[in-house]
Amino acid sequence: VELTDAETVLRQRTLEHGRQVYRQRCAGCHGVTGDGNGPAAPYLNPKPRDYRRGIFKFTSTQRGAKPLREDLVRIIRRGARGTSMPAFRWLPDEDMQPLVDYVILLSKRGEMEYMLIQEAEAELEEEDDVDEEIVEDLYDRIVRSWNVPRTKIVLPATRMPDMTDETVRLGHQAFLSRGCAKCHGEDGRGQTQANVGKDVWGNFVQAADLTAGMLHGGRRPIDVYRRIYAGINGTPMPAFEHALKDSPDTTWHLAHFILSIVEGNPIPTPPEDQASEQ
């Protein structure tokens, strides 16, 4: 999109303001370039997000899609419980919107650099230059990826049923039978041999201890539904979109079970016949 001179100046001023807010509020953990290596990063676990891969974990969109702008605002406003990401609940909107613009800019720039490195390593000799058309194509691809259509938003296939002892019980059954317990454990604590893996940033990660009462991506029913449906970008947590396609209510049942144990409720005791099969 071609911008007028006035629009370009306004855009530059907005990004400069966003840069100042970022340097003041975010760079200490996320680093000046958004690489996740700020001065505080060595002391934090989980590690601060590295924006440069263009991958964000907690989104309202399908797996692999960029987040909506509202997703970034939400995580900044509410923080990520159980991590060192604080809530900037009272950050004024005149700071928030430029900050989001600047975070997206850091992500675009970092992803562009990453893709150029990949292109150079795959196709070029040391003395070669990257073709300008390739650079333009990569840039256009990254820019388009941030124009997330509303069709990419994860919307529930069915209306959420009322949360009852029965929906929690059904969720527990699905948790045991659909593979969730393999990583999270039958007790939801995540103490299993399959629990350790690596994320795309090279960090060792573990399946969440659901009994700890802390869900990094939010604890609204829709948040949990989306984590189950689309998985978590950049991590071993898979999407169950296709596995549960023929039983869409099961996603809600799982969400209810998870929310129940997150809130400290006991795990339902399975019927004797089911217990004998485990």
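Quantities reported herein were computed from a predicted structural model and do not represent experimental measurements.
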> In terms of hydrophobic clusters joined by side-chain contacts under 4.5 Å, are Ile267 and Leu210 together?
Replying inline: yes
>> Assess whether a salt bridge exists between Arg226 and Glu241, defined as any Lys/Arg side-chain N lying under 4.0 Å from an Asp/Glu carboxylate O.
In response: no
>> Rounded to the nearest 0.5 Å, what separates atom CZ in Phe257 from atom OG1 in Thr250?
In response: 14.0 Å
>> For a quick test of reading the model, state the closest non-hydrogen atom pair linking Leu44 to Ser84 and the distance between them.
In response: CD2-OG, 3.3 Å
>> Under 4.0 Å between a side-chain nitrogen and a carboxylate oxygen: does that hold for Arg13 and Glu16?
In response: no
> Would a distance-only check, ignoring hydrogens and angles, find a side-chain to backbone donor-acceptor pair under 3.5 Å from Asn265 to Ser260?
Replying inline: yes
>> With rounding to the nearest 0.5 angstrom, report the NE2 to OH distance, His17 to Tyr102.
In response: 13.5 Å
> Would you find a donor on one side and an acceptor on the other, under 3.5 Å apart, between the side chain of Arg74 and the backbone of Gly79?
Replying inline: no
> Taking all non-hydrogen atoms of both residues, which atom of Met160 and which atom of Pro221 are closest, and how far apart?
Replying inline: SD-CB, 3.5 Å
>> Determine whether a donor-acceptor pair (N or O, by modelled atom type, separation under 3.5 Å) exists between the side chain of Asp93 and the backbone of Met96.
In response: no
> Is there side-chain contact between Arg25 and Leu91, with at least one heavy-atom pair below 4.5 Å?
Replying inline: yes
> Less than 4.5 Å apart, any side-chain heavy atom of Asp249 and any of His253?
Replying inline: yes
> So, are Arg150 and Glu70 salt-bridged, with charged N and O less than 4.0 Å apart?
Replying inline: yes
> Is the backbone of Pro268 close enough, under 3.5 Å, to the side chain of His172 for a donor and an acceptor to pair up by distance?
Replying inline: yes
>> Taking the ring of Trp201 and the ring of Phe56, is the distance between their centroids below 6.0 Å?
In response: no
> Side chains of Pro248 and Tyr229: does their closest heavy-atom pair fall under 4.5 Å?
Replying inline: no
>> For Met85 and Arg49: C-alpha separation, side-chain torsions, deciding distance, then whether side-chain contact (heavy atoms from CB on, under 4.5 Å) applies.
In response: CA-CA 9 Å; Met85 174 65 190; Arg49 183 69 55 247; over 6 Å; no
> Any side-chain heavy-atom pair from Leu105 and Leu15 closer than 4.5 angstrom?
Replying inline: yes
>> Looking at His256 and Val168, would you say the former's side chain and the latter's main chain have a donor-acceptor pair under 3.5 Å?
In response: no
> Between Arg11 and Asp101, is there a salt bridge with N-O shorter than 4.0 Å?
Replying inline: yes
> Can you name the closest pair of heavy atoms from Pro98 and Asp95 and give their distance?
Replying inline: CD-O, 3.4 Å
> Would Asp209 and His184 count as a side-chain hydrogen bond (donor to acceptor under 3.5 Å, both in side chains) if you check the C-alpha gap in whole Å, the side-chain angles of each, and the deciding distance to 0.1 Å?
Replying inline: CA-CA 7 Å; Asp209 176 356; His184 290 284; over 6 Å; no
> What's the spacing between Met112 CE and Ser107 OG if we round to 0.5 Å?
Replying inline: 13.0 Å
> Under the 3.5 angstrom rule, does the side chain of His30 hit a backbone N or O of Val103 as a donor-acceptor pair?
Replying inline: no
>> Please determine whether side-chain hydrogen bond (donor to acceptor under 3.5 Å, both in side chains) holds for the pair Gln97 and Arg69, giving the CA-CA distance in whole Å, both sets of side-chain angles, and the decisive distance to 0.1 Å.
In response: CA-CA 9 Å; Gln97 297 306 325; Arg69 189 179 186 85; 2.9 Å; yes
> Within the distance-only criterion (no hydrogens, no angle test), does the side chain of Lys47 pair as donor or acceptor with the backbone N or O of Ala41 below 3.5 angstrom?
Replying inline: yes
> Shared ILVMFWY cluster between Met237 and Leu254, side chains joined below 4.5 angstrom?
Replying inline: yes
> Any donor-acceptor pair under 3.5 Å linking the side chain of Arg52 with the backbone of Glu113?
Replying inline: no
>> Check this for me: Asp165, atom CG, are more than 12 non-hydrogen atoms of other residues, nucleotides or ligands nearer than 6.0 Å?
In response: no
>> Are the side chains of Val262 and Thr211 in contact, using a 4.5 Å heavy-atom criterion?
In response: no
>> With heavy-atom distances below 4.5 Å as the criterion, would you say the side chains of Gln24 and Gln20 are in contact?
In response: no
>> If you apply the rule side-chain contact (heavy atoms from CB on, under 4.5 Å), what do you find for Asp71 with Phe58, and how did you get there?
In response: CA-CA 8 Å; Asp71 295 330; Phe58 304 119; over 6 Å; no
>> When you compare the side chain of Thr167 with that of Thr164, does any pair of heavy atoms fall below 4.5 Å?
In response: yes
> Rounded to the nearest 0.5 Å, what separation is found between the CG atom of Asn37 and the SG atom of Cys29?
Replying inline: 11.0 Å
> For the residue pair Arg77 and Ala87, what are the closest heavy atoms and their distance?
Replying inline: O-CB, 3.3 Å
>> Looking at every heavy atom in both Gly82 and Met214, which two are closest together, and how far apart are they?
In response: CA-SD, 3.4 Å
> How many angstroms lie between CG in Asn233 and OG1 in Thr61, if you round to the nearest 0.5 Å?
Replying inline: 6.5 Å
> Just by distance, with hydrogens left out, do Arg178 and Ser247 show a side-chain donor and acceptor under 3.5 Å apart?
Replying inline: yes
> So if you build clusters from Ile, Leu, Val, Met, Phe, Trp, Tyr with side-chain heavy-atom gaps below 4.5 Å, do Ile75 and Leu99 land together?
Replying inline: yes
>> Please determine whether a side-chain nitrogen of the Lys or Arg among Asp223 and Arg219 lies less than 4.0 Å from a carboxylate oxygen of the Asp or Glu.
In response: no
> When clusters are formed by joining ILVMFWY residues with side-chain heavy atoms under 4.5 Å apart, either directly or through shared neighbours, do Ile222 and Val224 land in the same one?
Replying inline: no
> Would you say Trp252 and Met163 are hydrophobically clustered, going by side-chain heavy atoms of ILVMFWY under 4.5 Å?
Replying inline: no
> When rounded to the nearest 0.5 angstrom, what is the spacing between CD1 in Ile228 and CD1 in Ile258?
Replying inline: 4.0 Å
> Less than 4.0 Å between a side-chain N and a carboxylate O, is that true for Lys108 and Glu111?
Replying inline: no
>> Counting C-beta onward and ignoring hydrogens, is there a side-chain heavy-atom pair between Lys198 and Val205 closer than 4.5 Å?
In response: no
>> Please give me the minimum heavy-atom distance between Val154 and Ala230, naming the atom from each residue.
In response: CG2-CB, 4.1 Å
